[in-house]
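Taking it in order: structure first as C-alpha coordinates, then the write-up.
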2 protein chains.
Amino acid sequence: MKLLIEQLLDMLKALSDKTRFRIFWILQKADAELCVCEIIDALDENQYNVSRHLKILKFSGLVKERKQGKFVYYSISRAGTKVYQALLDMVSSISDKQLPYDAYRLKQRLARRVNGRCVIGMH
Amino acid sequence: MKLLIEQLLDMLKALSDKTRFRIFWILQKADAELCVCEIIDALDENQYNVSRHLKILKFSGLVKERKQGKFVYYSISRAGTKVYQALLDMVSSISDKQLPYDAYRLKQRLARRVNGRCVIGMH
DNA sequence: AAAATATATGCATATATGTGCATTTATATA
DNA sequence: TATATAAATGCACATATATGCATATATTTT
(Lines give C-alpha, C1' and ligand atoms only; values in the text may rest on other atoms or scores of the structure.)
Protein backbone atom coordinates (compact mmCIF):
# COMPACT_ATOMS: atom_id res chain seq x y z
CA MET A 1 0.00 0.00 0.00
CA LYS A 2 1.38 3.34 -1.04
CA LEU A 3 1.52 6.56 0.88
CA LEU A 4 2.22 9.89 -0.72
CA ILE A 5 4.48 12.12 1.25
CA GLU A 6 1.80 14.78 1.28
CA GLN A 7 -0.51 12.39 3.05
CA LEU A 8 2.14 11.65 5.63
CA LEU A 9 2.62 15.36 6.19
CA ASP A 10 -1.12 15.71 6.71
CA MET A 11 -0.99 13.00 9.35
CA LEU A 12 1.94 14.63 11.10
CA LYS A 13 0.25 17.99 11.04
CA ALA A 14 -2.93 16.44 12.37
CA LEU A 15 -1.06 14.84 15.25
CA SER A 16 0.95 17.93 16.08
CA ASP A 17 -2.04 19.67 17.64
CA LYS A 18 -2.45 18.73 21.28
CA THR A 19 -6.21 18.25 21.21
CA ARG A 20 -5.98 16.02 18.16
CA PHE A 21 -3.10 14.09 19.62
CA ARG A 22 -5.12 13.47 22.76
CA ILE A 23 -8.08 12.28 20.68
CA PHE A 24 -5.93 9.91 18.67
CA TRP A 25 -4.19 8.74 21.82
CA ILE A 26 -7.42 7.74 23.58
CA LEU A 27 -8.70 6.06 20.43
CA GLN A 28 -5.51 4.04 20.29
CA LYS A 29 -5.68 3.35 24.00
CA ALA A 30 -9.32 2.31 23.96
CA ASP A 31 -8.53 0.08 21.00
CA ALA A 32 -12.18 0.29 20.07
CA GLU A 33 -14.76 2.58 18.56
CA LEU A 34 -15.62 5.60 20.67
CA CYS A 35 -18.61 7.79 20.08
CA VAL A 36 -18.10 11.54 19.93
CA CYS A 37 -19.75 12.17 23.28
CA GLU A 38 -17.34 9.76 24.96
CA ILE A 39 -14.41 11.57 23.42
CA ILE A 40 -15.81 14.90 24.58
CA ASP A 41 -16.06 13.59 28.13
CA ALA A 42 -12.65 11.95 28.10
CA LEU A 43 -10.94 15.15 27.00
CA ASP A 44 -13.22 17.50 28.90
CA GLU A 45 -13.39 19.62 25.77
CA ASN A 46 -16.35 21.29 24.13
CA GLN A 47 -18.45 19.66 21.48
CA TYR A 48 -17.73 21.82 18.48
CA ASN A 49 -13.98 21.68 18.82
CA VAL A 50 -13.92 17.93 19.26
CA SER A 51 -16.10 17.62 16.20
CA ARG A 52 -13.86 19.84 14.14
CA HIS A 53 -10.68 18.11 15.21
CA LEU A 54 -12.21 14.73 14.45
CA LYS A 55 -12.93 15.94 10.96
CA ILE A 56 -9.29 16.90 10.49
CA LEU A 57 -8.11 13.56 11.84
CA LYS A 58 -10.47 11.76 9.52
CA PHE A 59 -9.32 13.79 6.54
CA SER A 60 -5.69 12.97 7.31
CA GLY A 61 -6.48 9.29 7.21
CA LEU A 62 -5.63 8.65 10.84
CA VAL A 63 -9.13 7.77 11.96
CA LYS A 64 -12.32 6.49 10.43
CA GLU A 65 -15.94 6.99 11.35
CA ARG A 66 -19.06 4.91 11.38
CA LYS A 67 -22.51 6.39 11.75
CA GLN A 68 -25.17 4.53 13.61
CA GLY A 69 -28.40 6.23 14.44
CA LYS A 70 -27.70 9.60 15.96
CA PHE A 71 -24.31 8.47 17.19
CA VAL A 72 -21.06 8.63 15.25
CA TYR A 73 -18.30 6.27 16.23
CA TYR A 74 -14.65 6.95 15.57
CA SER A 75 -11.71 4.58 15.64
CA ILE A 76 -8.12 4.42 14.42
CA SER A 77 -8.00 3.55 10.76
CA ARG A 78 -5.45 0.70 11.00
CA ALA A 79 -4.14 1.44 7.53
CA GLY A 80 -1.50 -1.17 6.90
CA THR A 81 1.48 0.96 5.87
CA LYS A 82 4.82 0.90 7.62
CA VAL A 83 4.51 4.61 8.12
CA TYR A 84 1.14 4.36 9.79
CA GLN A 85 2.39 1.57 12.01
CA ALA A 86 5.40 3.65 13.04
CA LEU A 87 3.11 6.54 13.89
CA LEU A 88 0.92 4.24 15.91
CA ASP A 89 3.96 2.86 17.74
CA MET A 90 4.99 6.38 18.56
CA VAL A 91 1.61 7.34 19.94
CA SER A 92 1.19 4.16 21.91
CA SER A 93 4.55 4.67 23.54
CA ILE A 94 3.03 7.61 25.39
CA SER A 95 2.02 6.26 28.78
CA ASP A 96 -1.01 7.05 30.91
CA LYS A 97 1.27 9.06 33.17
CA GLN A 98 1.70 11.64 30.48
CA LEU A 99 -2.02 12.09 29.93
CA PRO A 100 -3.37 11.06 33.34
CA TYR A 101 -6.61 13.03 33.26
CA ASP A 102 -7.59 11.85 29.81
CA ALA A 103 -6.80 8.29 30.77
CA TYR A 104 -8.82 8.55 33.97
CA ARG A 105 -11.83 10.22 32.45
CA LEU A 106 -11.88 7.78 29.56
CA LYS A 107 -11.86 4.88 31.99
CA GLN A 108 -14.66 6.43 34.04
CA ARG A 109 -16.71 7.11 30.99
CA LEU A 110 -16.24 3.66 29.47
CA ALA A 111 -17.30 2.15 32.78
CA ARG A 112 -20.73 3.61 32.14
CA ARG A 113 -21.27 1.67 28.94
CA VAL A 114 -23.98 -0.97 28.98
CA ASN A 115 -23.22 -4.18 27.13
CA GLY A 116 -20.15 -2.49 25.74
CA ARG A 117 -22.14 0.32 24.18
CA CYS A 118 -22.56 4.00 24.91
CA VAL A 119 -26.00 4.74 26.33
CA ILE A 120 -25.47 8.14 27.92
CA GLY A 121 -24.97 10.62 25.15
CA MET A 122 -24.08 14.18 26.03
CA HIS A 123 -25.16 15.75 29.28
CA MET B 1 14.95 8.86 29.29
CA LYS B 2 11.81 10.91 29.61
CA LEU B 3 9.97 12.86 26.99
CA LEU B 4 7.30 15.38 27.82
CA ILE B 5 4.32 15.29 25.56
CA GLU B 6 4.87 18.93 24.70
CA GLN B 7 8.30 18.05 23.37
CA LEU B 8 6.82 15.31 21.25
CA LEU B 9 4.27 17.73 19.87
CA ASP B 10 7.10 20.11 19.00
CA MET B 11 8.81 17.32 17.08
CA LEU B 12 5.63 16.42 15.23
CA LYS B 13 4.98 20.04 14.35
CA ALA B 14 8.55 20.43 13.19
CA LEU B 15 8.24 17.40 10.92
CA SER B 16 4.86 18.39 9.55
CA ASP B 17 6.35 21.12 7.41
CA LYS B 18 7.53 19.79 4.07
CA THR B 19 10.81 21.68 3.94
CA ARG B 20 11.73 20.55 7.44
CA PHE B 21 10.67 17.01 6.71
CA ARG B 22 12.91 16.98 3.67
CA ILE B 23 15.81 18.31 5.72
CA PHE B 24 15.32 15.68 8.39
CA TRP B 25 14.88 13.02 5.76
CA ILE B 26 18.19 13.75 4.03
CA LEU B 27 19.97 13.95 7.39
CA GLN B 28 18.60 10.54 8.25
CA LYS B 29 19.43 9.23 4.81
CA ALA B 30 22.96 10.58 4.81
CA ASP B 31 23.43 9.09 8.25
CA ALA B 32 26.14 11.63 8.80
CA GLU B 33 26.74 15.27 9.53
CA LEU B 34 25.81 17.62 6.70
CA CYS B 35 26.86 21.22 6.52
CA VAL B 36 24.25 23.85 5.81
CA CYS B 37 25.47 24.50 2.29
CA GLU B 38 25.10 20.82 1.42
CA ILE B 39 21.54 20.86 2.72
CA ILE B 40 20.79 23.98 0.70
CA ASP B 41 22.04 22.28 -2.45
CA ALA B 42 20.27 19.01 -1.77
CA LEU B 43 16.92 20.73 -1.30
CA ASP B 44 17.52 23.43 -3.88
CA GLU B 45 16.11 25.90 -1.38
CA ASN B 46 17.35 29.33 -0.44
CA GLN B 47 19.79 29.95 2.35
CA TYR B 48 17.73 31.89 4.81
CA ASN B 49 14.84 29.50 4.83
CA VAL B 50 17.03 26.47 5.29
CA SER B 51 18.74 28.24 8.14
CA ARG B 52 15.48 29.11 9.82
CA HIS B 53 14.02 25.64 9.42
CA LEU B 54 17.19 24.11 10.83
CA LYS B 55 16.77 26.28 13.88
CA ILE B 56 13.25 24.99 14.40
CA LEU B 57 14.39 21.39 13.96
CA LYS B 58 17.17 21.95 16.46
CA PHE B 59 14.81 23.54 18.95
CA SER B 60 12.44 20.60 18.69
CA GLY B 61 15.24 18.24 19.59
CA LEU B 62 15.22 16.39 16.29
CA VAL B 63 18.64 17.50 15.15
CA LYS B 64 21.83 18.77 16.68
CA GLU B 65 24.51 21.08 15.38
CA ARG B 66 28.25 21.31 15.61
CA LYS B 67 30.17 24.39 14.65
CA GLN B 68 33.56 24.09 13.09
CA GLY B 69 35.23 27.10 11.63
CA LYS B 70 32.80 28.93 9.43
CA PHE B 71 30.85 25.78 8.75
CA VAL B 72 27.97 24.45 10.83
CA TYR B 73 27.23 20.76 10.66
CA TYR B 74 23.84 19.29 11.41
CA SER B 75 22.89 15.72 12.14
CA ILE B 76 20.00 13.76 13.62
CA SER B 77 20.12 13.89 17.38
CA ARG B 78 19.78 10.15 18.02
CA ALA B 79 18.03 10.74 21.32
CA GLY B 80 17.42 7.31 22.76
CA THR B 81 13.71 7.42 23.49
CA LYS B 82 11.21 4.97 22.05
CA VAL B 83 9.27 7.89 20.68
CA TYR B 84 12.26 9.30 18.86
CA GLN B 85 13.10 5.89 17.46
CA ALA B 86 9.53 5.46 16.21
CA LEU B 87 9.71 8.86 14.51
CA LEU B 88 12.99 7.90 12.93
CA ASP B 89 11.52 4.62 11.73
CA MET B 90 8.67 6.50 10.19
CA VAL B 91 10.92 8.94 8.36
CA SER B 92 13.31 6.26 7.16
CA SER B 93 10.43 4.28 5.73
CA ILE B 94 10.05 7.01 3.11
CA SER B 95 11.94 5.78 0.09
CA ASP B 96 14.07 7.68 -2.41
CA LYS B 97 11.25 7.34 -4.90
CA GLN B 98 9.13 9.70 -2.85
CA LEU B 99 11.81 12.39 -2.74
CA PRO B 100 13.76 11.60 -5.88
CA TYR B 101 15.20 15.04 -6.54
CA ASP B 102 16.40 15.54 -3.00
CA ALA B 103 17.94 12.09 -3.03
CA TYR B 104 19.67 12.73 -6.33
CA ARG B 105 20.99 16.17 -5.49
CA LEU B 106 22.23 14.99 -2.14
CA LYS B 107 24.12 12.18 -3.79
CA GLN B 108 25.61 14.53 -6.37
CA ARG B 109 26.63 16.99 -3.74
CA LEU B 110 28.16 14.42 -1.42
CA ALA B 111 30.16 13.09 -4.34
CA ARG B 112 32.01 16.40 -4.32
CA ARG B 113 33.32 15.97 -0.82
CA VAL B 114 37.06 15.52 -0.44
CA ASN B 115 38.21 13.04 2.16
CA GLY B 116 34.64 12.86 3.35
CA ARG B 117 34.44 16.57 4.03
CA CYS B 118 32.66 19.49 2.42
CA VAL B 119 35.11 21.74 0.62
CA ILE B 120 32.82 23.67 -1.70
CA GLY B 121 30.74 25.96 0.43
CA MET B 122 28.00 27.98 -1.20
CA HIS B 123 28.18 29.01 -4.80
C1' DA C 1 43.26 45.28 8.77
C1' DA C 2 40.30 44.42 4.88
C1' DA C 3 37.75 41.40 2.10
C1' DA C 4 35.36 37.16 1.40
C1' DT C 5 32.40 33.60 2.84
C1' DA C 6 29.04 30.67 5.76
C1' DT C 7 25.28 31.16 8.46
C1' DA C 8 21.75 33.58 11.23
C1' DT C 9 18.22 37.08 12.01
C1' DG C 10 15.01 41.38 12.02
C1' DC C 11 11.15 43.27 9.66
C1' DA C 12 7.10 43.12 6.74
C1' DT C 13 3.44 40.43 4.93
C1' DA C 14 0.37 36.91 3.35
C1' DT C 15 -1.67 32.71 4.62
C1' DA C 16 -2.94 29.08 7.82
C1' DT C 17 -4.79 27.61 12.12
C1' DG C 18 -7.46 27.20 16.47
C1' DT C 19 -11.37 28.73 19.04
C1' DG C 20 -15.85 30.86 20.61
C1' DC C 21 -20.52 31.37 19.62
C1' DA C 22 -24.63 30.59 17.17
C1' DT C 23 -26.93 27.78 14.18
C1' DT C 24 -27.85 23.79 11.21
C1' DT C 25 -28.37 18.97 10.06
C1' DA C 26 -29.67 14.38 10.98
C1' DT C 27 -31.76 10.98 13.65
C1' DA C 28 -34.66 9.23 17.33
C1' DT C 29 -38.49 9.48 20.36
C1' DA C 30 -42.79 11.20 22.49
C1' DT D 1 -45.89 15.94 13.75
C1' DA D 2 -43.42 18.19 17.33
C1' DT D 3 -39.60 17.87 20.26
C1' DA D 4 -35.23 16.34 21.95
C1' DT D 5 -30.61 15.07 21.17
C1' DA D 6 -25.92 13.98 18.76
C1' DA D 7 -22.92 15.91 15.81
C1' DA D 8 -21.40 19.22 12.23
C1' DT D 9 -20.65 23.84 10.37
C1' DG D 10 -20.59 29.06 9.08
C1' DC D 11 -18.77 33.36 10.62
C1' DA D 12 -15.64 36.32 13.19
C1' DC D 13 -11.33 36.95 15.16
C1' DA D 14 -6.91 36.41 17.30
C1' DT D 15 -2.66 34.03 16.93
C1' DA D 16 0.76 31.25 14.58
C1' DT D 17 3.49 30.20 10.63
C1' DA D 18 6.16 30.45 6.30
C1' DT D 19 8.52 33.35 3.22
C1' DG D 20 11.03 37.28 0.81
C1' DC D 21 14.37 40.66 1.30
C1' DA D 22 17.94 43.04 3.50
C1' DT D 23 21.26 42.94 6.82
C1' DA D 24 24.04 41.25 10.74
C1' DT D 25 27.33 38.02 12.81
C1' DA D 26 31.16 35.01 12.90
C1' DT D 27 35.07 33.04 10.95
C1' DT D 28 38.64 32.50 7.51
C1' DT D 29 41.72 34.19 4.10
C1' DT D 30 44.39 37.63 1.78
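A note on names: the letters A, B, ... follow the listed sequences, proteins ahead of strands, and every chain is numbered from 1.
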How many whole angstroms separate atom CD1 of A:Ile120 from atom P of D:dA4? 21 Å
Quick one: NZ on B:Lys29 to CG on B:Asp96, what's the gap to the nearest 0.5 Å? 3.5 Å
Here's a test of your reading of the structure: between B:Asp17 and A:Asn49, which maps to the more 5' nucleotide of DNA chain D? A:Asn49
Integer-rounded Å distance: D:dA8 P and A:Met122 CE: 10 Å
Output the rounded distance in Å from OH (B:Tyr74) to P (C:dA6). 15 Å
Pairwise distance CG(B:Leu57) to NZ(B:Lys64) - rounded to 0.5 angstrom: 13.5 Å
Return no unless some side-chain N or O of A:Asn46 is found under 4.0 Å from OP1 or OP2 of C:dT19. no
Please give, in whole Å, the distance from C:dT17 P to A:Lys18 NZ? 20 Å
Of the candidate nucleotides C:dG18, C:dA8, C:dA6, which contains the atom at the shortest distance from the side chain of A:Arg20? C:dG18
A:Tyr48 has an atom OH; how far is it from atom P of C:dG18, in whole Å? 15 Å
Taking the side chain of B:Lys70 as its heavy atoms from C-beta onward, which of D:dG20, C:dT5, C:dT7 lies nearest to it? C:dT5
Atom pair distance, as rounded to whole Å: CD1 in B:Ile56 and P in D:dT17: 8 Å
Check every atom of D:dT9, D:dT17, C:dA8 against the side chain of B:Glu65 and return the nucleotide holding the closest atom. C:dA8
Are any of A:Ser51's side-chain N or O atoms less than 4.0 Å away from OP1 or OP2 of D:dA8? yes
A:Arg78/A:Asp31 ion pair, N-O < 4.0 Å: yes
Rounded to whole Å, the NE2-P distance (B:His53 to D:dA18) equals 6 Å
Name the nucleic acid region contacted by A:Lys58, choosing base, sugar-phosphate or nothing; use a 4.0 angstrom heavy-atom cut-off, strictly under. nothing
Contact nearer the 5' end of DNA chain C, comparing A:Gln47 with A:Gly69: A:Gln47
Rounded to the Å, how far apart are B:Arg52 CZ and C:dT7 P? 16 Å
Gap between atom NE2 of B:His53 and atom CD1 of B:Ile39 - 0.5 Å precision: 12.5 Å
